[in-house]
Amino acid sequence: MADTTAQANIGVVGLAVMGSNLARNLASREGNTVAVYNRSHEKTDALVAAHPEAGFVPAATVEEFAASLSRPRAAIIMVKAGAPTDAVIEQLTQAFEPGDIIVDGGNALFTDTIRREAAVRATGINFVGAGISGGEEGALNGPSIMPGGSAEAWETLGPILTSIAAVAEGEPCVTHVGTDGAGHFVKMIHNGIEYADMQLIAEAYDLIRRGTGKSPVEIADIFAEWNTGELESYLIEITAEVLRQVDAATGQPLVDVIVDQAGAKGTGAWTVQTALELGIPVSGIAEAVFARSLSSKPAQRAAAADLPGPAEAWTVDDPDGFIEDVRQALYASKIIAYSQGFDEIVAGAEQYGWDIDKGEIAKIWRGGCIIRAQFLNRITEAYAEDPSLVALLTAPYFRDALTGAEAAWRRVVIAAVQGGIPAPAFASSLAYYDGLRADRLPAALIQGQRDFFGAHTYRRIDREGTFHTLWSGDRTEVSAVDTH
Ligand code: NBP
């Protein structure tokens with residue numbers, strides 16, 4: 001029987017990969033004593049036995065777990081998202097008291113977090129949905145943490161989460177994002193941007209490989225070189241590592257023996273679904289999600305494999321020039337993906353009443369998480385200069401970067417189309433850029449069509465009011481103000 005006197009200042013429920021590593025991280029920080037509990041007790045025993053140095057306080061039941069925590073109790077749930085999370089919240093709510101804090105550190109959908117927060121708050125207990133990024137390694141050594149929830153909960157939790165978060169340029173990668181579901185919302189956007197970033201890198205690799213005939217190892221060198229400049233990031237760094245890897249069994253580049261069907265756990269799709277509801281065009285992220293879906297349709301791909309492409313095999317005339325063009329296109333498209341992601345944060349904050357500091361979000365993504373990149377400092381600076389920046393891509397630094405990359409970006413998209421190489425994220429990012437900067441859009445025609453078939457009305461450029469044209473009659477324009 002474990003000693004259940006209240007001796008731990010923080011607890012972890014769910015001791016699979018993420019929970020056990022997070023518990024070890026917590027235990028390794030000065031001042032923390034960590035209570036641990038898992039539904040199947042063997043996992044708790046195994047963790048405690050494997051890490052005596054952690055000084056864990058194990059619990060066999062939820063009641064024992066609650067008794068082992070000092071007040072206000074604080075526990076981080078790291079179980080499978082969905083029904084298991086609801087089940088654990090229910091158990092903890094029974095065992096905890098008003099003022100205590102339940103943290104869901106799993107990958108919950110932010111609307112579930114909003115629902116759960118309201119239900120738990122009604123009992124007087126604080127509920128915090130915290131996005132935790134960085135996978136197993138981040139959980140152990142320092143993740144980027146995006147907590148939502150109340151200011152009261154943040155008072156207790158803040159120092160604990162700060163103690164385990166990654167540190168970037170001397171600053172901890174954690175901030176109180178906003179109330180209820182704000183943390184999980186921002187974590188969702190992080191993952192959506194991650195999808196876009198990965199797809200753009202994959203397109204860059206594909207274009208270089210098919211356009212120049214370079215081998216994966218040679219392309220690894222190109223990515224390693226890129227990682228010393230403005231593209232410096234974790235994803236560029238690991239791309240070089242992946243491309244350099246040789247398969248031990250066949251001697252082939254590993255990338256050539258991996259089945260080319262990309263998986264997904266759903267957070268990218270959530271980002272796009274939410275963006276559709278908010279009316280925010282996150283086209284780069286959406287293309288990235290769809291590209292994974294397309295890759296994972298082997299029957300359709302096999303059936304379409306003999307459809308015609310360009311008649312002649314495609315190669316570029318100036319490989320070095322093309323590679324530099326691709327680098328610039330990648331940077332420009334990446335700016336678009338982040339700009340779109342931050343647009344969704346702004347729209348979500350407005351819709352759900354969160355006061356989200358965009359510059360702080362960029363800061364806490366600089367370490368611990370998958371999209372960590374040097375480039376995030378530029379985003380923080382952009383929002384520091386102009387907190388009400390209407391679109392990230394219009395900030396002076398990004399405007400200059402896009403101006404510098406624009407011609408190369410177009411050349412790359414043209415080359416992709418001519419070569420029959422799919423580059424949906426590059427192409428859609430450029431289309432988004434051209435759409436935003438257009439003087440006139442054909443949306444005017446769409447408004448005309450809508451008014452024609454549905455009397456949906458339109459506004460005019462030269463007069464106030466709402467108008468409807470009698471399309472099938474004498475084609476006289478009638479003011480809807482008069483007709484309704
Ligand atoms: P899993 O997502 O694989 O979940 C396994 C844990 O959930 C085990 O501790 C299991 O207990 C517990 N559990 C289940 Br399943 N049903 C339960 C129930 N009804 N009641 C109580 N416990 C239950 O673990 P993970 O991969 O460590 O991820 C934990 C969370 O962190 C997830 O929400 C995940 O999305 C998120 N996350 C994961 C990563 C990553 O890289 N893996 C990264 C970021 C976030 P048992 O041992 O008794 O079966």
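It should be emphasised that the depicted structure is a prediction, and the values quoted were computed from it without experimental measurement. Residues take their numbers from the sequence shown, with the count starting at 1. All ligand and atom numbering here is 1-based and tracks the order in the structure.
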*asked:* Nearest non-hydrogen contact with atom 15 (Br) of ligand 1 belongs to which option: E137, K80, Q91?
replied: K80
*May I ask you to identify, for N38, whether its side chain, its backbone, both or neither come under 4.0 Å of ligand 1 on a heavy-atom basis?*
side chain
*Side chain or backbone of L15 under 4.0 Å from ligand 1, or both, or neither, by non-hydrogen atoms?*
backbone
*Check D112, T113, V128 against H184 for a side-chain contact (heavy atoms from CB on, under 4.5 Å) and give me the one that passes.*
T113
*P58 versus T44, closest heavy-atom pair with distance*: CB-CG2, 3.9 Å
_Nearest non-hydrogen partners of T175 and I361, listed with the distance_ = CG2-CD1, 4.4 Å
*asked:* Just to verify, which of Y234, Y338, F342 counts as forming a ring pair (Phe, Tyr, Trp, His ring centres under 6.0 Å) with W365?
replied: F342
Nearest non-hydrogen protein atom, [atom]:
atom	result
atom 38 (C) of ligand 1	M18 CG, 3.3 Å
atom 35 (O) of ligand 1	N107 CB, 3.4 Å
atom 46 (P) of ligand 1	S40 OG, 3.1 Å
atom 41 (O) of ligand 1	G135 CA, 3.4 Å
atom 47 (O) of ligand 1	K43 NZ, 2.5 Å
atom 19 (N) of ligand 1	R39 NH1, 3.4 Å

_When you compare the side chain of N9 with that of I160, does any pair of heavy atoms fall below 4.5 Å?_
yes
*Side chains of R301 and S295: closer than 4.5 Å at any heavy-atom pair?*
yes
*Roughly how far apart are W270 CH2 and L109 CG, rounded to 0.5 Å?*
5.0 Å
*Is there a nitrogen or oxygen of V88 sitting under 3.5 Å from a nitrogen or oxygen of ligand 1?*
no
*asked:* If I apply the N/O under 3.5 Å rule, does K265 come out as touching ligand 1?
replied: no
